[in-house]
Structure formats: C-alpha cells, structure tokens
Amino acid sequence: MMHRKTISVISYITIIGWIIAYREYEKGAKSSLAKFHLEQSFGLAVIVVVSNIIMMIPVFFDSFFILLLIINNMGLVILWITGLISAYHGVRLPLPFIGFYFKDKFRFIQ
C-alpha cells in the first residue's frame with residue numbers, strides 16, 4: 001500500500017498517475033491529504049482540458065491566438081508545479097486562484 005504523500009504526488013503525474021493514486025486511495029490508503037490532492041489535481045486536469053478546448057477555437061481563425069494558448073498553458077504548468085510541490089511537502093495548500101473551487105466538489109472522491 002502506498003503512503004499518503006506518495007499518493008498525493010502521483011495524483012499530479014498524468015491521468016494514468018491520477019488513476020493509480022485514486023485506486024490506491026480507494027483500496028484503503030485514505031487520508032485527508034491524499035483526498036485533498038486528488039481533488040486539486042482532478043480539478044486542474046478539468047481546467048486544462050476545458051481551457052484548451054476553448055482556447056483552440058480562435059486559433060483556427062487567426063494564428064495570433066496561439067500566443068494566448070501558450071501563455072494559458074504556461075500558467076497551467078505553473079499551477080501544476082505548485083500543486084506537485086505542495087503534495088511533495090505533504091501540505092494542503094490549494095492551487096493559486098483556482099484551488100478553493102475544488103474543495104469537496106468531486107463527490108466520487110470520498
């Protein structure tokens with residue numbers, strides 16, 4: 001069984017990492033730290049997918065919008081690194097600007 005800090009870190013590493021962390025969490029490695037980071041990383045993944053879909057639409061009309069897409073993704077990478085560092089240190093630090101939206105929002109993570 002994985003340690004709660006390990007689950008927290010793995011949850012930020014790709015969708016496969018999130019699934020592995022979630023399965024370990026469900027198997028009995030439940031802790032408030034792991035739950036917190038599963039919620040944060042899942043919320044960040046949703047934001048990444050939705051914002052990239054929305055940002056790709058204008059790119060089809062004008063290549064200038066590629067710059068906005070790159071800036072958006074750089075910001076998301078900074079948020080991802082922030083979450084990863086928080087998980088590594090074993091603290092419950094919400095992601096800047098968006099993290100508080102994810103607290104207890106995903107009911108399937110119990």
Side-chain angles (χ1 to χ4, degrees):
M1 182 164 50
M2 286 188 198
H3 190 267
R4 64 188 178 102
K5 200 164 133 180
T6 307
I7 291 172
S8 300
V9 171
I10 290 176
S11 70
Y12 285 96
I13 303 175
T14 73
I15 189 66
I16 294 168
W18 190 90
I19 292 168
I20 291 168
Y22 179 72
R23 293 196 63 197
E24 287 295 319
Y25 175 80
E26 285 294 309
K27 279 201 275 185
K30 293 188 178 192
S31 73
S32 61
L33 180 69
K35 180 180 186 288
F36 177 82
H37 285 291
L38 282 166
E39 290 173 340
Q40 294 289 299
S41 59
F42 186 78
L44 181 61
V46 169
I47 295 291
V48 166
V49 170
V50 170
S51 70
N52 275 291
I53 289 171
I54 291 170
M55 297 291 287
M56 280 303 292
I57 294 169
V59 168
F60 290 119
F61 299 110
D62 189 358
S63 61
F64 165 77
F65 291 104
I66 291 174
L67 178 63
L68 295 177
L69 180 66
I70 291 169
I71 292 169
N72 175 62
N73 284 329
M74 285 172 45
L76 293 170
V77 166
I78 290 169
L79 290 175
W80 174 73
I81 291 170
T82 303
L84 194 57
I85 291 170
S86 173
Y88 176 77
H89 289 291
V91 295
R92 277 182 232 120
L93 186 64
L95 296 171
F97 310 111
I98 60 172
F100 61 93
Y101 290 116
F102 309 139
K103 181 101 173 86
D104 299 322
K105 292 291 190 273
F106 305 112
R107 298 282 179 216
F108 64 93
I109 303 172
Q110 293 298 333

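W18 contributes atom CH2, which lies 6.5 Å from atom CD1 of I15 (distance to the nearest 0.5 angstrom). The CG atom of L69 sits 12.0 Å away from atom CD1 of I54, with the distance rounded to the nearest 0.5 Å. In this structure, CZ on F42 lies 12.0 Å from OG on S11, to the nearest 0.5 angstrom. Annotation: the span from M55 atom CE to I66 atom CD1 amounts to 11.0 Å, rounded to 0.5 Å. For the atom pair CD1 (I71) and CG (L76), the distance works out to 12.0 Å, reported to the nearest 0.5 Å. Rounded to the nearest 0.5 Å, atoms CD (E24) and CD1 (I19) are 13.0 Å apart.
Panel note: side chain S31, backbone R4; no donor-acceptor pair is recorded below 3.5 Å. At least one donor-acceptor pair closer than 3.5 Å links the side chain of K5 to the backbone N or O of Y88.
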Donor-acceptor contacts, no H, no angles, side chain residues 91-110, under 3.5 Å, sequence neighbours left out:
unit_1 : atom_1 : unit_2 : atom_2 : d
R92    : NH2    : S32    : OG     : 2.7
D104   : OD1    : K35    : NZ     : 2.8
R107   : NH1    : D104   : O      : 3.4
Q110   : NE2    : R107   : O      : 2.2

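The minimum heavy-atom distance linking Q40 with Y12 is given by the pair CB-OH, 3.3 Å. Nearest heavy atom pair, residue I7 against residue A34, reads CG2-CB, 3.8 Å.
Counting non-hydrogen atoms of other residues, nucleotides and ligands closer than 6.0 Å to CG of L67 gives a total above 12.
A chain of hydrophobic side-chain contacts below 4.5 Å, direct or via other Ile, Leu, Val, Met, Phe, Trp or Tyr residues, connects I16 to L38. In the hydrophobic cluster analysis, where Ile, Leu, Val, Met, Phe, Trp and Tyr join through side-chain heavy atoms closer than 4.5 angstrom, V77 is grouped apart from V49. A continuous path of Ile, Leu, Val, Met, Phe, Trp and Tyr side chains, each step under 4.5 Å between heavy atoms, connects I70 with F64, placing both in one hydrophobic cluster. No continuous path of hydrophobic side-chain contacts links F36 to I10 [ILVMFWY only; heavy atoms under 4.5 Å].
Between R23 and E26 no salt bridge is recorded (no basic side-chain N to carboxylate O distance below 4.0 Å).
A side-chain hydrogen bond (donor to acceptor under 3.5 Å, both in side chains) check over residues 61-86, counting only residues at least two apart or in different chains, returns the pairs S51-N72, N52-N73.
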